[in-house]
Student: 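Here it is, the structure in full.
The chain is numbered in sequence order, starting from 1.
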Amino acid sequence: IDLIFISRGASSEYNELGECLIDSLERVTDEGFLYRVDMRLRPWGRVGQLVSNLDGHIVYLREHALLWERQALLKARLLAGSETLGNEFMVGVEHLLFSSSREEVQASVHDMKLRTEQYLRRSNRVWGEVKLGEGSIRDIEFVTQYLQLVHGAERPDVVRVGLEPVNDGGLVERGDLERGWLGQVRLGGERLGQAGGGRGAPLLELGHRGCVRLDGYVDELSLIHISE
């Protein structure tokens, strides 16, 4: 899972708490582990502070973030902590999601998908890559996100719901969805099930709020989940 930690005050005060949470999620026990945690969506990626100050994070997204970093936030959901703080972050992000032109969005989404496929070929991971490879689930995701980034300012329902308003609103022909993408989702699900839970097959689905408690910090800290 991709996570972002947001604080209202001095973010460095919460680094230890963030590290503790990540360790709890990733620690391998006799019964396995919960999640692999990816924190690279924080400002400046791996070299950035583990916990981001709210205002600083918004400034980063506005002035420094690449389009793919904003694209990833289309899937962001508040998971735990301060609901007020989390909602402030989401509102701030929403104003930045749709600031790029159609041409910029198209070039960025295409380039990111192309680089992913090139990496898979260099790593000899082409066969069976139903999540990241050519014609994979990621293709469905990127096409949907392209349409969300281009039309989201005028069509908020496209961002909130995803494929249904894309389909019903005439942005994509219904037949294309039925013949191609939805069939690929079914095929991908079957293959991931057969794979038994590799990196492309999440062991658990993080589909509910409140599964993580941040006792004593609910007014100052929010945990943002970028869903797969």
Student: Can you list the residues that meet the side-chain contact (heavy atoms from CB on, under 4.5 Å) rule with Gln145, with sequence neighbours excluded?
Tutor: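 Partners of Gln145 by the side-chain contact (heavy atoms from CB on, under 4.5 Å) criterion, ordered by chain and then number, come out as Gln71, Leu74, Lys75, Glu141, Phe142, Gln148.
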
Student: Anything under 30° is parallel, anything over 60° is perpendicular, the rest tilted; go ahead and classify Phe89 against His57.
Tutor: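 Perpendicular.
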
Student: In a check of side chain to side chain contact (heavy atoms under 4.5 Å, CB included) between Tyr146 and each of Thr144, Leu149, Val150, which one passes?
Tutor: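 Per the side chain to side chain contact (heavy atoms under 4.5 Å, CB included) rule, the option paired with Tyr146 is Val150, out of Thr144, Leu149, Val150.
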
Student: Donor-acceptor pair, Ser123 side chain versus Leu120 backbone, under 3.5 Å?
Tutor: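 No: the side chain of Ser123 does not pair with the backbone of Leu120.
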
Student: Just to verify, what does Arg62 make a salt bridge (Lys or Arg N to Asp or Glu O under 4.0 Å) with, not counting sequence neighbours?
Tutor: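 Expected list: none.
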
Student: If the condition is salt bridge (Lys or Arg N to Asp or Glu O under 4.0 Å), which residues does Asp55 pass it with, not counting sequence neighbours?
Tutor: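 Here no residue qualifies.
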
Student: Could I get the full list of side-chain contact (heavy atoms from CB on, under 4.5 Å) partners for Glu26, not counting sequence neighbours?
Tutor: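 Testing Glu26 for side-chain contact (heavy atoms from CB on, under 4.5 Å), a comparison that skips the adjacent residues, returns Ile22, Val37.
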
Student: Should the heavy atoms of other residues, nucleotides or ligands under 6.0 Å from CD of Glu94 be counted, would the total exceed 12?
Tutor: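 At most 12 heavy atoms, drawn from other residues, nucleotides or ligands, come within 6.0 Å of this atom.
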
Student: Pair Phe33, Leu25 - check side chain to side chain contact (heavy atoms under 4.5 Å, CB included), show working.
Tutor: CA-CA 7 Å; Phe33 66 97; Leu25 293 172; over 6 Å; no

Student: Please test Ile4 against Leu73 for side chain to side chain contact (heavy atoms under 4.5 Å, CB included), starting from the C-alpha separation and ending with a verdict.
Tutor: CA-CA 10 Å; Ile4 297 174; Leu73 294 177; 3.7 Å; yes

Student: Could you tell me which residues satisfy side chain to side chain donor-acceptor pair (under 3.5 Å) with Asn124, sequence neighbours excluded, listed by chain and number?
Tutor: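 So Asn124 forms no side chain to side chain donor-acceptor pair (under 3.5 Å) with any residue.
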
Student: Taking only residues two or more places apart in sequence or in another chain, which ones pass salt bridge (Lys or Arg N to Asp or Glu O under 4.0 Å) with Arg46?
Tutor: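 Arg46 satisfies salt bridge (Lys or Arg N to Asp or Glu O under 4.0 Å) with no residue once adjacent residues are dropped.
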
Student: Is Val109 reachable from Leu96 through a run of hydrophobic residues whose side-chain heavy atoms are each under 4.5 Å from the next?
Tutor: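 Linked within one cluster.
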
Student: With Glu31, which residues qualify under side-chain contact (heavy atoms from CB on, under 4.5 Å), at least two apart?
Tutor: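 Checked Glu31 against side-chain contact (heavy atoms from CB on, under 4.5 Å); matches are Thr29.
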
Student: May I ask you to decide if Met39's main-chain N or O and Asp2's side chain share a donor-acceptor pair within less than 3.5 Å?
Tutor: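 Checked: no pair found.
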
Student: How would you list, by chain and number, every residue that makes a salt bridge (Lys or Arg N to Asp or Glu O under 4.0 Å) with Arg102, sequence neighbours excluded?
Tutor: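 With sequence neighbours excluded, Arg102 shows a salt bridge (Lys or Arg N to Asp or Glu O under 4.0 Å) to no residue whatsoever.
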
Student: Can you sort out the partners of Ser100 under side chain to side chain donor-acceptor pair (under 3.5 Å), two or more places apart, ordered by chain and number?
Tutor: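 Listed in chain order: Arg70.
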
Student: So, using side-chain contact (heavy atoms from CB on, under 4.5 Å) as the criterion, who are the partners of Glu69 when residues are at least two apart?
Tutor: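 By the side-chain contact (heavy atoms from CB on, under 4.5 Å) rule, Glu69 matches Tyr60, Ala65, Leu66.
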
Student: With salt bridge (Lys or Arg N to Asp or Glu O under 4.0 Å) as the rule and sequence neighbours excluded, what pairs involving residues 107-118 come up?
Tutor: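 Non-adjacent pairs meeting salt bridge (Lys or Arg N to Asp or Glu O under 4.0 Å): Asp111-Arg115, Lys113-Glu117, Lys113-Asp139.
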
